Amino acid sequence: MQTCRAAVCAALFLLSGVNAALADDVTLTSHDGAVEISGTLLGFDGEFYRVETIYGELTVDGTGVQCEGPACPSLTDYVAEIAISGSQTMAEVLMPALIEGFALRNGYQTTRLSDSKQQFSYHITDPAADRLLGKFHFDASSADEGFADLLANEADVAMSLREVRLDEAARGRDAGLGDLRDGKRGKVISLDALVPVVAPGNPVTAISPANLARVFSGKITNWIDLGGPDAPIGLYVPSAKSGLSQAIEDQLLTPVGLSFAPTVTRFDRNDALADAIVRDPFSIGIVSYAEVGNASKLTLTGPCGFSLDVSRRAVKTEDYPLTAPMFLYTPARRLPKLARNFLTYIRSPAAQIVIRRAGFVDQTPEEIPTALQGNRLANAVGAAGKEVSLTELQDMVDTLSSHRRLTTSFRFRAGSAHLDAQSQSNVLLLARMLEAGAFDARKVMFVGFSDGDGPAAANRAIGQKRAESVRKAVVAAAETANLDRLDISAVSYGEAMPMACDNSAWGRGVNRRVEVWVR
């Protein structure tokens, strides 16, 4: 049996489907002629050949062999082809801005070619070498379509405003794409939020999440029940296949056992949805934070007096409960080098600036001084009950007042001790900062908080356990950090600083969190 030398063959792993233009017999021969591999060429990423042989699928380093056969690609004139499919919100503004930022950063030039508003391409050219480097092909559709294309090997990257479904992840594993629910496969590149909006001039300015769910499920049908005029409520939402619409179901309706009313009006395009709400004085809709436009945002309220307005910082910290992280999903296969470089770029500080300028919420950690958190501390005092003493509140304020809160927070999946998707991304983000020495000679404190259900002592213990688990996860991920330069601790104040009312699942979820404070 032939064997591959280490310099010739990489590890076996599954890659994308057969490209008809490349599906032909080739022979790969090592430069010394000692190793020869024959088979069907399945793909080439500019560096590695992927060949189906009698021994199975092999990935072979192109620099170690010579290729013979009609399907052999050119090593010098290779043009990377990257197919990206999914979320219209991401495809129309965010991803083009990032591609142009990536090109500018590397001295490349971009040319946009449009087949339609839904399908377009960006050609990346290196003017110094006077050659085309690659083509990014976009299909701006929906999260459903993006995952379907990824599973069918018709896309290299899927864009989504929701997490991959369990059944989609199972099909992905069966198709050899790896575990799409793993942090290596699904990356949060930006943050968004689900924002309830009405037409300017509507007297209703606030709504509870519970009533918002009742409105969109058809349980509340007249504005008079919300303190508005005696008029029927028009319901406007995105297309059923969009990640935004599915995020609304996942976060707002499903947790309380409701579903969309059959009377909702759906829109294929997000800009058309926002425009329709502005024109209809009796409408209500839920839109992306980046696409509110001229509509009026509603404040989220609760019966205990708390209120939460959507803002960039509130989205970044997840204090605003209806957040919608923007995901890029990639299969467990080697993408062309240009694509890999782009995916590395989108996590860089330079890309975070581009994201923010494009109107989306970046992930760059910010430090919030205590002076800007007066409402939170006032709420803590106002919500204090028999089980949270004045001494405990004073201790918390004394400790935190000398620190600054990072916008990097950690929250948990509903009914679970596992971190949600945004928080999993935050673990890696904070770990990279520790490795880069961003907090050398400073104190980093993980502060656990809980909801108010149950005894205060038990809640403090739960908060401490969560703070410790997040601290350990971040330290474990910061493999190259010099921990001797850091003062890292974990404390808990339990239910002492609630962010929302505890009488609903969403409120309790907002209150269960781990914050990061630095000094």
Side-chain angles (χ1 to χ4, degrees), residues 86-94 96 116-119 140-145 159-162 192-209 211-253 258-300 309-310 315 320 322-324 326 358-361:
S87 167
Q88 179 192 105
T89 299
M90 297 174 67
E92 291 190 341
V93 179
L94 179 60
S116 64
K117 205 162 188 179
Q118 179 177 332
Q119 295 179 324
S141 51
S142 66
D144 281 0
E145 294 295 332
M159 304 172 289
S160 178
L161 289 182
R162 64 166 174 84
D192 206 346
L194 313 176
V195 185
V197 294
V198 295
N202 191 315
V204 176
T205 59
I207 190 170
S208 70
N211 278 343
L212 190 62
R214 293 188 188 104
V215 166
F216 280 95
S217 64
K219 303 296 184 183
I220 296 176
T221 60
N222 196 295
W223 281 107
I224 201 169
D225 295 324
L226 301 173
D230 184 7
I233 301 175
L235 304 176
Y236 294 167
V237 294
S239 163
K241 290 185 177 182
S242 76
L244 190 66
S245 178
Q246 292 164 3
I248 296 170
E249 288 186 276
D250 292 347
Q251 298 188 42
L252 186 67
L253 299 174
L258 299 174
S259 57
F260 279 117
T263 54
V264 298
T265 300
R266 295 197 178 266
F267 292 80
D268 290 331
R269 296 192 55 78
N270 297 317
D271 52 358
L273 167 59
D275 289 344
I277 292 168
V278 171
R279 292 194 304 269
D280 184 348
F282 302 121
S283 67
I284 185 172
I286 297 182
V287 299
S288 159
Y289 173 74
E291 296 177 311
V292 170
N294 294 321
S296 296
K297 295 174 283 191
L298 295 181
T299 298
L300 295 181
D309 288 308
V310 66
V315 173
Y320 183 79
L322 301 179
T323 57
M326 294 182 154
F360 297 90
V361 180

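Keep in mind the model is a prediction, meaning the values are calculated, not measured.
- Here I233 contributes atom CD1 and I220 contributes atom CD1; the two are 6.5 Å apart, rounded to the nearest 0.5 Å.
- In this structure, CD1 on I286 lies 9.5 Å from CG on L235, to the nearest 0.5 angstrom.
- With a 4.5 Å cut-off on side-chain heavy atoms, P203 and W223 do not count as touching.
- Expressed to the nearest 0.5 Å, how far OG of S283 lies from CG of N202 amounts to 8.0 Å.
- T263 has its side chain out of reach of T221: every pair of non-hydrogen atoms, C-beta onward, lies at least 4.5 Å apart.
- Here the closest non-hydrogen pair linking A261 and G218 is CB-N, 3.6 Å.
- Residues V278 and P200 form a side-chain contact, since some pair of their non-hydrogen atoms from C-beta on lies under 4.5 Å apart.
- Among all heavy-atom pairs drawn from A91 and M159, the shortest one is CB-CE, 3.6 Å.
- Within the 4.5 Å cutoff, the side chain of I248 has no heavy atoms near those of the F216 side chain.
- Paired with E92 under the rule side chain to side chain donor-acceptor pair (under 3.5 Å), one option of Q118, K117, R269 passes, and it is R269.
- Summarising the geometry of R266 relative to S245, their closest heavy-atom pair is NH1-OG, 3.0 Å, with the distance given to 0.1 Å.
- Taking each heavy atom of A276 and F267 in turn, the nearest pair found is CB-CZ, 3.5 Å.
- The two residues P281 and R279 make their nearest non-hydrogen contact at CD-O, 3.4 Å.
- To the nearest 0.5 angstrom, L300 atom CG is 7.0 Å from L212 atom CG.
- The side-chain heavy atoms of V287 and N270, taken from C-beta on, include no pair separated by under 4.5 Å.
- Under a 4.0 Å N-O distance rule, the pair K241/D268 does not qualify as a salt bridge.
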From CA spacing to verdict: side-chain contact (heavy atoms from CB on, under 4.5 Å), E291, L273: CA-CA 9 Å; E291 296 177 311; L273 167 59; over 6 Å; no

Verdict with supporting geometry, I284 and L298, side-chain contact (heavy atoms from CB on, under 4.5 Å): CA-CA 10 Å; I284 185 172; L298 295 181; 3.9 Å; yes

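- Across P238 and L244, no two heavy atoms sit closer than the pair CG-CD2, 3.6 Å.
- Side chains of V315 and D192 form no contact here, defined as non-hydrogen atoms less than 4.5 Å apart.
- Atom CG in L161 sits 6.5 Å away from atom CE in M90 (nearest 0.5 Å).
- For N294, the CG atom counts as loosely surrounded, since its 6.0 Å shell holds 12 or fewer non-hydrogen atoms of other residues, nucleotides or ligands.
- Distance alone, capped at 3.5 Å, is enough to place a donor-acceptor pair between the Q251 side chain and the T323 backbone.
- Remark: side-chain polar atoms of Y320 are paired, donor with acceptor, to backbone N or O of L194 under 3.5 angstrom.
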Stepwise side-chain contact (heavy atoms from CB on, under 4.5 Å) test for V197 and Y236: CA-CA 10 Å; V197 294; Y236 294 167; over 6 Å; no

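- In this structure, S242 contributes its side chain and S239 its backbone to a donor-acceptor pair below 3.5 Å.
- Here the straight-line distance linking atom CG of D309 with atom NZ of K297 works out to 8.0 Å at 0.5 Å rounding.
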